[in-house]
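Counting convention: from 1, in listed order, for ligands and their atoms alike. Note that this is a predicted model, so its numbers are computed, not measured.
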Amino acid sequence: MKKYIMDCDPGHDDAIALILAARHLDLLGITTVGGNQTIEKVTTNALKVLEVIGRTDIPVHPGSQHPWIQKLETAPQFHGASGMDGPQVPVPTTQPRSTHAAQFIVDTANRAGRISLIATGPLTNLATALQLDPMLADKVEEIFIMGGSVTFGNWTPAAEFNIYVDPEAAYKVFNAGIPMRMCGLNLTRQAFVADKDLEILKGINNRVALFCHDLLRFFIDSCRKTAYIPGANLHDVCAVAWAVDPALIKAVDMHVQIELQGKYTRGMTVCDYRHLRNELPRQDMVHEATARFRGEQPNCAVGVELAVESFFSLLYDTIKSY
Ligand code: RIB
Ligand code: CA
């Protein structure tokens, strides 16, 4: 069974992604990163989620307070002052571990020999781990991320929040030579929830379902108020769902690069899918041709289509199982 570390910034959708991961994956640990809220708040939220689902056996290692270069930008307008407004959860009794997230990733990869990573926040911790151990890339099987977009952004017209918050870290991770699985906004907007989903959660009516109900009640309302969308997107849950059941996501291999310089495009995931422009000969011929033409091979499997019904069946069956 593959062994995972999940790096996150809970965050309403991170919290639900954690619930799915804890039930189906061999999670060696959770690492937290400044993003939706400050490192202190997202760490407290991760501890809270693990207490709600009865998995305080999973260690939580706090990581980077801020991005590599720019100032931390948080998202209180979507996730509230605590980063996980809505559910009333007691102050956690469990404590975070003292080893920094990046060091924990390096140590765990060396102990386990080979691990897979899931990242649902800015990529600061993963990039720092790659700096700490230049041999880390050889010990990481693959990285599933929620981040970026093949089409338009959310934080800016070009950039998605997780990449936008720390583009330099994203550049480091995307160029480390590790197989990437990218759940961008073009995919995660297919994981749309609205009031009908609140009714389903009320119907399941166990502790975890009611916790998810209160999470989504707040998240749907904040998305409506802030972005005028009639619901919310379970962005981060897609990255975990891909690891749990690869059949849920149709992906296309592309070369993806992170824009660092653009005045209007900094933080954009520049996805090269010119080889998909029409029905061309065999994909390997096309990759070879476009690689010869532009010099880069695909470095990322980019999610383009979500099996929506199966995705929500997995999610609700998982919540029921707690
Ligand atoms: O752009 C969506 C991403 O930003 C999600 O990971 C959400 O939790 C926020 O971190
Ligand atoms: Ca997140």
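Proximity of a side-chain donor or acceptor of Asp13 to a complementary backbone N or O of Val237 within less than 3.5 Å is not detected. For the pair Asn110 (side chain) and Asp107 (backbone), a donor-acceptor distance under 3.5 Å is absent. Judged by distance alone, with hydrogens and angles left aside, the side-chain atoms of Gln190 form a donor-acceptor pair with the main-chain N or O of Val304 at under 3.5 Å. Within the 3.5 Å criterion, the main-chain N or O of Ala17 finds no donor-acceptor partner in the side chain of Asp236. Using modelled atom types, no side-chain atom of Gln37 and backbone atom of Pro10 make a donor-acceptor pair closer than 3.5 Å.
The ligand atoms of ligand 1 that sit less than 4.0 angstrom from a heavy atom of Met146 are 2 (C), 3 (C), 5 (C), 6 (O). Which parts of ligand 1 touch Asn154 is read off a 4.0 Å heavy-atom cut-off, strictly below it: atoms 1 (O), 2 (C). For ligand 1, the atoms closer than 4.0 angstrom to any heavy atom of Asp9 are 10 (O). Residue contact check: His235 has heavy atoms under 4.0 Å from atoms 2 (C) of ligand 1. With ligand atoms numbered from 1 in the order given, ligand 1 contributes 1 (O), 2 (C), 3 (C), 4 (O) to contacts under 4.0 Å with heavy atoms of Glu160.
With a 4.0 Å heavy-atom cut-off, ligand 1 is reached by the side chain of Asp236 but not by its N, CA, C or O. At a heavy-atom cutoff of 4.0 Å, ligand 1 is contacted by the side chain of Asp14 but not by its backbone.
Taking 3.0 Å as the criterion, Asp13 does not count as a coordinating residue of the Ca ion (ligand 2), since none of its N, O or S atoms falls below it.
A 4.5 Å side-chain heavy-atom check between Leu117 and Asp7 finds every atom pair outside the cut-off.
Checked options Val165, Asp9, Asp166; the residue passing with Thr124 is Asp166 (criterion: side-chain contact (heavy atoms from CB on, under 4.5 Å)).
When rounded to 10 degrees, the angle formed at the Ca ion (ligand 2) by O (Thr120) and OD2 (Asp236) equals 90°.
Looking only at its N/O/S atoms, Asp9 has OD1 as the one nearest to the Ca ion (ligand 2).
The protein heavy-atom contact nearest to atom 9 (C) of ligand 1 is Asn36 OD1, 3.1 Å. Atom 4 (O) of ligand 1 has Phe161 CD2, 3.3 Å as its closest protein atom, hydrogens excluded (heavy atom only). The protein atom (non-hydrogen) at minimum distance from atom 8 (O) of ligand 1 is Asp13 OD1, 2.7 Å.
Annotation: His79 is not in aromatic contact with Phe218 [ring centroid separation under 6.0 Å not met].
Geometrically, Arg23 engages Tyr322 in a cation-pi contact, judged by NZ or CZ lying under 6.0 Å from the ring centre and within 45° of the ring axis.
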